[in-house]
Amino acid sequence: MTIARALTIAGSDSGGGAGIQADLKTFQELHVFGMSAITAVTAQNTLGVTGIYELPPEAVARQIDAVATDLGVDAAKTGMIANIEIMEVIAEKVREHRIHRLVIDPVMIAKSGHALLKEDARDALKRLLIPLATVITPNLPEAEVLTGMSLSTMEQRKEAAKRLLDMGVHAVVIKGGHTDDEEAVDLFYDGREFRTLSAPRFHTRHTHGTGCTFSAAITAELAKGESLWEAVKTAKAFITEAIRHPLDLGQGHGPTNHWAYRQFK
Ligand SMILES: Nc1ncnc2c1ncn2[C@@H]1O[C@H](COP(=O)(O)OP(=O)(O)OP(=O)(O)O)[C@@H](O)[C@H]1O
Ligand SMILES: Cc1ncc(CO)c(N)n1
């Protein structure tokens with residue numbers, strides 16, 4: 001039996017709703033073999049982050065080498081990267097191991113407000129990783145930081161998508177989670193046409209790790225050889241079901257439901 005293989009390069013969330021844990025659960029649900037390279041360990045739950053412990057860049061390099069030289073990687077994603085030194089190592093290893101299907105979720109700040117990427121690493125993201133990516137999936141605040149634009153209208157978001165492509169990425173999904181609009185509308189652009197992905201907006205506080213889960217689902221589908229647009233459509237359906245059927249865990253922003261896509265779609 002051949003199985004598609006996906007690698008997540010991200011931070012560990014002890015609470016299990018975001019980061020490496022969300023990614024591996026998503027890979028599993030989408031029938032892809034999941035592997036991980038951990039960049040940082042966070043002590044985290046639904047209420048917030050109480051500790052961040054960054055790994056030495058060497059540890060990140062060895063993890064990527066270990067899986068790429070033996071098991072093989074059909075697609076990879078990055079999540080929390082923590083600092084410039086780790087970012088440099090990831091860029092080097094992605095090139096060395098010729099990982100061509102790469103999803104970048106430019107994680108900067110947790111929903112609880114804690115910084116997951118040092119501010120001086122934001123420019124490095126543009127310089128080092130964005131040019132290697134198949135697709136980048138910023139939420140609205142992240143897209144504003146990367147482009148320096150204010151993004152309240154769809155026209156502004158289209159202009160921002162063009163600017164992100166000018167930075168060397170093949171395609172972009174600007175996620176619409178962070179608005180009060182009635183629908184959660186994400187904007188896709190691959191340099192040819194703009195497309196939107198819409199779903200009802202659910203009024204729930206259980207949205208911890210939505211971005212991680214969404215980008216992991218894209219990665220899983222790319223690992224199977226799906227086209228980028230098909231991968232993004234499946235990821236939108238996956239995250240929509242995961243938010244629609246909350247698990248109601250924890251006292252704060254609880255995790256999404258990774259079983260829901262299989263159970264209810
Ligand atoms: N309340 C909601 N109802 C429906 N869809 C939502 C809701 N919130 C987010 N989404 C969708 O979830 C996906 C992730 O978007 P979001 O903007 O929340 O990511 P994020 O901020 O990076 O998440 P996180 O930082 O918690 O991992 C997008 O497809 C978005 O449209
Ligand atoms: C480890 C980790 N990665 C990403 C996010 C963003 O949701 C988070 N809260 N924690």
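Reckoned from all heavy atoms, side chains included, excluding hydrogens, waters and symmetry mates. None of the values given here were measured: they were computed from a predicted structure. We count ligands from 1, going down the list as the structure has it; atoms in each ligand are counted the same way.
- With hydrogens left out, the protein atom closest to atom 9 (C) of ligand 1 is Gly177 CA, 3.6 Å, a heavy atom.
- Taking distance alone, with nitrogen or oxygen atoms compared against 3.5 Å, His178 approaches ligand 1 more closely than that limit.
- With a heavy-atom cut-off of 4.0 Å, Thr210 touches ligand 1 through backbone and side chain alike.
- Those atoms of ligand 1 that come under 4.0 Å of a heavy atom in Gly209, given as number and element, are 26 (O), 27 (O).
- The nearest pair of heavy atoms linking Asp186 to Lys175 is OD1-CA, 3.5 Å.
- Short contacts between ligand 1 and Ile239, defined as distances under 4.0 Å to a heavy atom of the residue, involve ligand atoms 12 (O), 29 (O).
- Listed by number with element, the atoms of ligand 1 under 4.0 angstrom from any heavy atom of Arg201 are 1 (N), 3 (N), 4 (C).
- Considering both main-chain and side-chain atoms, His208 never comes within under 3.5 Å of ligand 1 through any nitrogen or oxygen pair.
- When heavy-atom distances to ligand 1 are checked against a 4.0 Å cut-off, Pro200 comes that close only through its backbone atoms N, CA, C and O.
- The Lys175 neighbourhood of ligand 1 comprises atoms 14 (C), 15 (O), 17 (O), 19 (O), 20 (P), 22 (O), with distances under 4.0 Å to a heavy atom of that residue.
- Salt bridge Asp65/Lys93: present, at least one basic N to carboxylate O contact under 4.0 Å.
- With ligand atoms numbered from 1 in the order given, ligand 1 contributes 4 (C), 5 (N), 6 (C), 31 (O) to contacts under 4.0 Å with heavy atoms of Ala184.
- Ranking protein heavy atoms by distance to atom 30 (C) of ligand 1, first place goes to Asp186 OD1, 3.6 Å.
- The residues lining ligand 2, counting any heavy atom closer than 4.0 Å, are Gly11, Ser12, Ala18, Gly19, Gln44, Met80, Val107, Ala110, Leu116, His208, Cys212.
- At the shortest separation from atom 27 (O) of ligand 1 among protein heavy atoms lies Gly211 N, 2.9 Å.
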Anything under 3.5 Å between a donor and an acceptor, one on a side chain of residues 116-132, the other on a protein residue two or more places apart or in another chain? List them.
residue, atom, partner, partner atom, Å
Lys118, NZ, Glu54, OE1, 3.0
Lys118, NZ, Glu54, OE2, 2.9
Lys126, NZ, Leu146, O, 3.2

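- With respect to atom 25 (O) of ligand 1, the closest heavy atom belonging to the protein is Lys111 NZ, 4.2 Å.
- Considering backbone and side-chain N/O of Val185, none are found under 3.5 Å from N/O of ligand 1.
- Residue-level proximity to ligand 1 for His203 is absent, since no heavy atom of it falls below 4.0 angstrom.
- Side-chain polar atoms of His170 and Asp190 form no donor-acceptor pair below 3.5 angstrom.
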Subject >> Residue pair Arg201, Asp181: steps toward the salt bridge (charged side-chain N to carboxylate O under 4.0 Å, His left out) verdict >> reply: CA-CA 8 Å; Arg201 175 174 307 281; Asp181 300 344; 5.4 Å; no
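- Judged purely by atom type and a 3.5 angstrom limit, Ser215 has no side-chain atom pairing as donor or acceptor with the backbone of Thr137.
- Residue Asn139 has at least one N or O atom closer than 3.5 Å to an N or O atom of ligand 1.
- For atom 10 (N) of ligand 1, the closest heavy atom belonging to the protein is Ile243 CD1, 3.6 Å.
- Residue contact annotation: Cys212 has a non-hydrogen atom under 4.0 Å from ligand 1.
- Of all non-hydrogen atoms in Pro57 and Glu85, the two that sit nearest each other are CG-CB, 3.6 Å.
- Ion pairing of Arg262 with Glu29 is present here, as a side-chain N (NZ or NE/NH1/NH2) and a carboxylate O approach within less than 4.0 Å.
- Taking every heavy atom of Thr207 and a limit of under 4.0 angstrom, the matching atoms of ligand 1 come to 26 (O).
- Evaluation of the ring-ring contact (aromatic ring centres under 6.0 Å, His included) test over residues 241-265, restricted to residues two or more places apart or in two chains, returns Phe238-Tyr261, His245-Phe264.
- For Phe202, a nitrogen or oxygen atom sits less than 3.5 Å from a nitrogen or oxygen atom of ligand 1, counting backbone and side chain alike.
- With hydrogens and angles disregarded, a donor-acceptor distance shorter than 3.5 Å links the side chain of Lys224 to the backbone of Leu30.
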Would you give me the side-chain donor-acceptor pairs under 3.5 Å for residues 150-157, sequence neighbours excluded?
residue, atom, partner, partner atom, Å
Ser152, OG, Gln156, OE1, 3.2
Thr153, OG1, Gln156, N, 3.1
Thr153, OG1, Gln156, OE1, 3.3
Gln156, OE1, Ser152, N, 2.8
Gln156, OE1, Thr153, N, 2.9
Gln156, NE2, Ser150, O, 3.4
Arg157, NE, Leu151, O, 3.2
Arg157, NH2, Ser152, O, 3.4

